[in-house]
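Quick notes on the structure that follows.
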Amino acid sequence: MDAVAVIDFETTGLSPAQGDRATEIAAVILENGKVVDRYQSLMNAGVRIPSFIEELTGISNAMIRQAPTAANVMREVSDFVGDIPLVAHNASFDCKFWDAEVARINLTRRQEFACSLLLARRLLPQAPSHKLGALVEFANLPLAGRAHRALADAEMAASLLTHLADELRSRYGIRQVTHELLRKIQGVPKAKVEQLLAKHQQSQ
DNA sequence: TGCCAGGCCCTCTTTAGGGCCTT
């Protein structure tokens, strides 16, 4: 698979439209099933982290006070990923925070997101849960550190994506797994996935 | 004052409701 950037945000809540802000971001560059580069930083957006989020993520208000500004971190991570296509677990969440944070520094996203949650629902329907941690356990993938920290979750999402790409090669005979193909798979109804992959296999 | 995310996906569905997933 060509390079993709798997990203993960930690935030103060679920909705930038409700005033929530990012507190940490990680991005790992995945190339041919290997993580070849990593970026990770806490960020200070000048907002208070609710106590239950501090407990969930282990990211405290004291840690954020000493972190670089959200503007600086978002500039850095935007430079880090460049034009490489993005992937996240439940990408609708990370996409809305990415767009909201870069809009504050007058940048716009240059690439599309693929979603490992939508892909896992289609390619691993037998998994008992499609939460990131549950999928990592289901597929016997290595744990990468403390869950709900950005770098650990980005690393685990990257290994999940590698596993899903392996499934596409071994189960469906897909030779070249591309970001564009992942977007196609996640965009069709679950019932149409087999049909899409059979057609794709024939067209190779 | 009272409201409070939103998109996907299933089903006892489509004139709707509720669970899942992200923090």
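Computed from a predicted structure; not experimentally measured. Order of the sequence lines fixes the chain letters, A, B, ..., with proteins taken first and strands second; residue numbering starts at 1 for each chain.
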Set out, line by line, the N/O atom pairs under 3.5 Å between protein and nucleotides 17-23 of chain B.
| unit_1 | atom_1 | unit_2 | atom_2 | d |
| --- | --- | --- | --- | --- |
| dC21(B) | OP1 | H130(A) | N | 2.6 |
| dC21(B) | OP2 | S129(A) | OG | 3.3 |
| dC21(B) | O2 | N90(A) | ND2 | 3.1 |
| dT22(B) | OP1 | L132(A) | N | 2.8 |
| dT22(B) | O4' | N90(A) | ND2 | 2.8 |
| dT23(B) | OP1 | D153(A) | OD2 | 3.4 |
| dT23(B) | OP2 | H148(A) | ND1 | 3.2 |
| dT23(B) | O3' | E10(A) | OE1 | 2.7 |
| dT23(B) | O3' | T11(A) | N | 3.0 |

[N] to [M] separation - [atom1] atoms, rounded to the nearest Å:
N: dT13(B); M: dC9(B); atom1: C1'; value: 12 Å
N: dT23(B); M: dG17(B); atom1: P; value: 29 Å
N: dG18(B); M: dC12(B); atom1: P; value: 15 Å
N: dT15(B); M: dC20(B); atom1: C1'; value: 25 Å

**Report entry** Residues clustered with I49(A), ILVMFWY side-chain links under 4.5 angstrom
**Finding:** L42(A), F52(A), I53(A), I59(A), M63(A), I64(A)
Report task. Starting from L107(A), walk the hydrophobic network (Ile, Leu, Val, Met, Phe, Trp, Tyr; side-chain heavy atoms closer than 4.5 Å) and list everyone else you reach, by chain and number. Result -> I7(A), F9(A), L14(A), I25(A), I29(A), V36(A), Y39(A), M43(A), V73(A), M74(A), V77(A), F80(A), V81(A), I84(A), L86(A), F93(A), F97(A), W98(A), V102(A), I105(A), F113(A)
Requested in this report: Grab the CG-C1' distance between L119(A) and dC9(B) for me, whole Å please.
Outcome: 15 Å
Query raised in the report: How long is the line joining CG of L123(A) and P of dC9(B), in whole Å?
Result: 12 Å
Requested in this report: Return yes if some donor-acceptor pair links the side-chain N/O of E24(A) with the main-chain N/O of A150(A) below 3.5 Å, else return no.
Outcome: yes
**Report entry** Test item: E101(A) side-chain N/O and A70(A) main-chain N/O as donor-acceptor pair under 3.5 Å
**Finding:** no
Query - R169(A) with D166(A): basic N within carboxylate O range, under 4.0 Å - result: yes
Query raised in the report: Can you find a side-chain donor-acceptor pair between E194(A) and Y172(A) that sits under 3.5 Å?
Result: yes
Query raised in the report: Using a cut-off of 4.0 Å on non-hydrogen atoms, how would the nucleic acid contact of R122(A) be classed: base, sugar-phosphate, or nothing?
Result: sugar-phosphate
